[in-house]
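Chain identifiers are assigned alphabetically (A, B, ...) following the order of the sequence lines, protein sequences preceding nucleic acid strands; residue numbering begins at 1 within each chain.
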Amino acid sequence: MPAVSKASEVKARLRPALLRWFDLHRRALPWRATRDAYGVWISEVMLQQTQVDRVVGYWTRFLARFPSVEALAAAQLEEVLGLWSGLGYYSRARNLHRAARELVARFEGQLPDSVDALRSLPGFGRYTAGAVASIAFGLPAPLVDGNVARVFSRVLEIEGAPPDRAREKALWAAAEALVEGPRPGDWNQSLMELGATVCTPLRPRCGACPARAVCGALASGRVESLPAPKKPAARKVLELQVAVARRGGAILLARRAEQGLFGGLWELPSTEGRLEALLGRRATIGPELAVLERVLTHRQLVLKLWVATVPARLGPPPEGYLAWRWVPQEETASLGMSSATRAVLERVASG
DNA sequence: CAATCGTGGTG
DNA sequence: TCACCAAGATT
């Protein structure tokens, strides 16, 4: 049976059961204490590819500093990245900031209450537009995230592995068929909550699942094998030479161009080539200090730290950087930096 | 459409 | 130790 017609058959039984379960088991998350569309938006962007527990603190600090679209739009990107520091996928913060400015320019500082208008903003893909539309505005907008995909894969026995086109189509068709009805925002959240806490990738708790009566995979004994795993990402080694230049209580940091890996963030001046070429003739490179490794999704970073002596008066920033300056130790905490850079600073400070 | 873009928890 | 993974978007 096609997944869509199976979905409509399942709908009458699943919808009430899952909404009732959600009313009983929903976690008390800070963004659920508000119906403010802005707060919902920030939470949805932070939650992209990021687990709930990690987001809570970031969301609370972010909302305290930027309580509205206007406050975010008025800020400098650098400060936004400072509050995003350590959360990863920094293009999310850059897009958030751009979108806030577009909202002020085009929508009087209000999030528009339509999926199409939301999708015209930076950082709003199909998922995030559906999430804001349904959760903040109560619109019957479908969404599919990793949790929903897993729940539907199992309940409706949808085959294939991401990013298979037919599978994507079937998932979104099911989401659209099922979201129609009362409480669309709660419905979408109940699916995600179920996926996050019960219908988990490993060792799902089928005995406690409100969908067990209608779950195709449970009936056919395929819960552990659905959905099919996706192929792992290829990881390339990125070896960087890192300049550790200190002067008094300050360290030399440079701000990366606002695109690509770690775009817009501060770091110790680094290059895939030679530090002599990066820093110019007036700098001297001393002994190697240490080697640090960090693993990202698609990269294995190998950071080779070198003592560097750089004249106090800095010229224009090196290739690939927007700025550079001597940063006092105590000021590094508030700068937007990757966790890799934090680790480098930690290593430099301790030895 | 396949690659890019982070991070830390988990088994 | 290491592969796997999490409320995706963009190019």
task: Establish, yes or no, whether a centroid distance under 6.0 Å links the rings of F62(A) and Y58(A).
output: no
For [X] and [N], give me the distance from atom [atom1] to atom [atom2], rounded to whole Å.
X: R235(A); N: dC5(C); atom1: CZ; atom2: P; value: 13 Å
X: Y89(A); N: dA9(C); atom1: OH; atom2: C1'; value: 10 Å
X: L118(A); N: dA9(C); atom1: CG; atom2: P; value: 12 Å
X: R119(A); N: dA9(C); atom1: CZ; atom2: P; value: 7 Å
X: R92(A); N: dA9(C); atom1: CZ; atom2: P; value: 11 Å
X: L202(A); N: dA6(C); atom1: CG; atom2: P; value: 9 Å
X: R94(A); N: dT11(C); atom1: CZ; atom2: P; value: 10 Å

Under 4.0 Å between any heavy atoms, over every strand shown, what does [X] touch: base, sugar-phosphate, or nothing? Just pick one.
X: R150(A); answer: sugar-phosphate
X: P229(A); answer: nothing
X: L194(A); answer: nothing
X: R27(A); answer: base
X: R32(A); answer: base
X: L296(A); answer: base
X: K230(A); answer: nothing
X: P163(A); answer: nothing
X: T297(A); answer: base

task: Applying salt bridge (charged side-chain N to carboxylate O under 4.0 Å, His left out), name anything that partners E180(A), two or more places apart in sequence or on another chain.
output: none
task: Please tell me which of R203(A) and A233(A) maps to the more 5' nucleotide of DNA chain B, matching each residue to the nucleotide holding its nearest heavy atom.
output: A233(A)
statement: Walking DNA chain B from its 5' end, the first of R165(A) and L301(A) to be reached, judged by nearest nucleotide, is R165(A)
field: Residues touching DNA chain B, which here means a heavy atom under 4.0 Å, drawn from residues 78-87 of chain A
entry: G86(A), L87(A)
query: Residues from residues 54-65 of chain A sitting under 4.0 Å of DNA chain B, heavy atoms only?
result: R54(A)
message: Running the 4.5 Å side-chain criterion over Ile, Leu, Val, Met, Phe, Trp and Tyr, what cluster does V237(A) land in, apart from itself?
response: V291(A), V302(A)
Under the salt bridge (charged side-chain N to carboxylate O under 4.0 Å, His left out) definition, can you give me all pairs with a residue in [range], not counting sequence neighbours?
range: residues 51-73 of chain A; result: R65(A)-E79(A)
range: residues 293-302 of chain A; result: none
range: residues 114-143 of chain A; result: none

message: I want to confirm an ordering. Mapping V148(A) and L121(A) to their closest nucleotides on DNA chain C, which one lands closer to the 5' end?
response: V148(A)
statement: Of P232(A) and N95(A), the one whose nearest nucleotide on DNA chain C sits closer to the 5' end is P232(A)
query: Contact boundaries of DNA chain B with chain A (under 4.0 Å, heavy atoms), 5' to 3'?
result: dC1(B) to dG8(B)
- request: Name all pairs fulfilling the ring-ring contact (aromatic ring centres under 6.0 Å, His included) condition that reach into residues 273-321 of chain A, sequence neighbours left out, sorted by first residue then second.
  value: none
message: Can you pull out every ring-ring contact (aromatic ring centres under 6.0 Å, His included) where at least one residue sits in residues 119-172 of chain A? Sequence neighbours excluded, please.
response: W41(A)-F124(A)
message: Going by the rule ring-ring contact (aromatic ring centres under 6.0 Å, His included), which residues pair with W31(A) if we only count those two or more places apart in sequence or in a different chain?
response: W59(A)
- prompt: Less than 4.0 Å between a side-chain N and a carboxylate O, is that true for R32(A) and E193(A)?
  reply: yes
field: Any residue of residues 41-52 of chain A with a heavy atom less than 4.0 Å from an atom of DNA chain C
entry: E44(A), L47(A), Q48(A), Q49(A), Q51(A), V52(A)
task: Could you tell me the separation between the CE atom of M46(A) and the CD atom of Q51(A), rounded to the nearest 0.5 Å?
output: 16.0 Å
statement: Correct closest heavy-atom pair for P122(A) and R98(A) would be CB-NH2, 3.6 Å
statement: Correct closest heavy-atom pair for I158(A) and A170(A) would be CG2-CB, 4.1 Å
Crowding at CD, E157(A) (>12 non-hydrogen neighbours, <6.0 Å): yes
task: Establish, from distance only, whether the side-chain atoms of S270(A) and Q241(A) form a donor-acceptor pair under 3.5 Å.
output: no
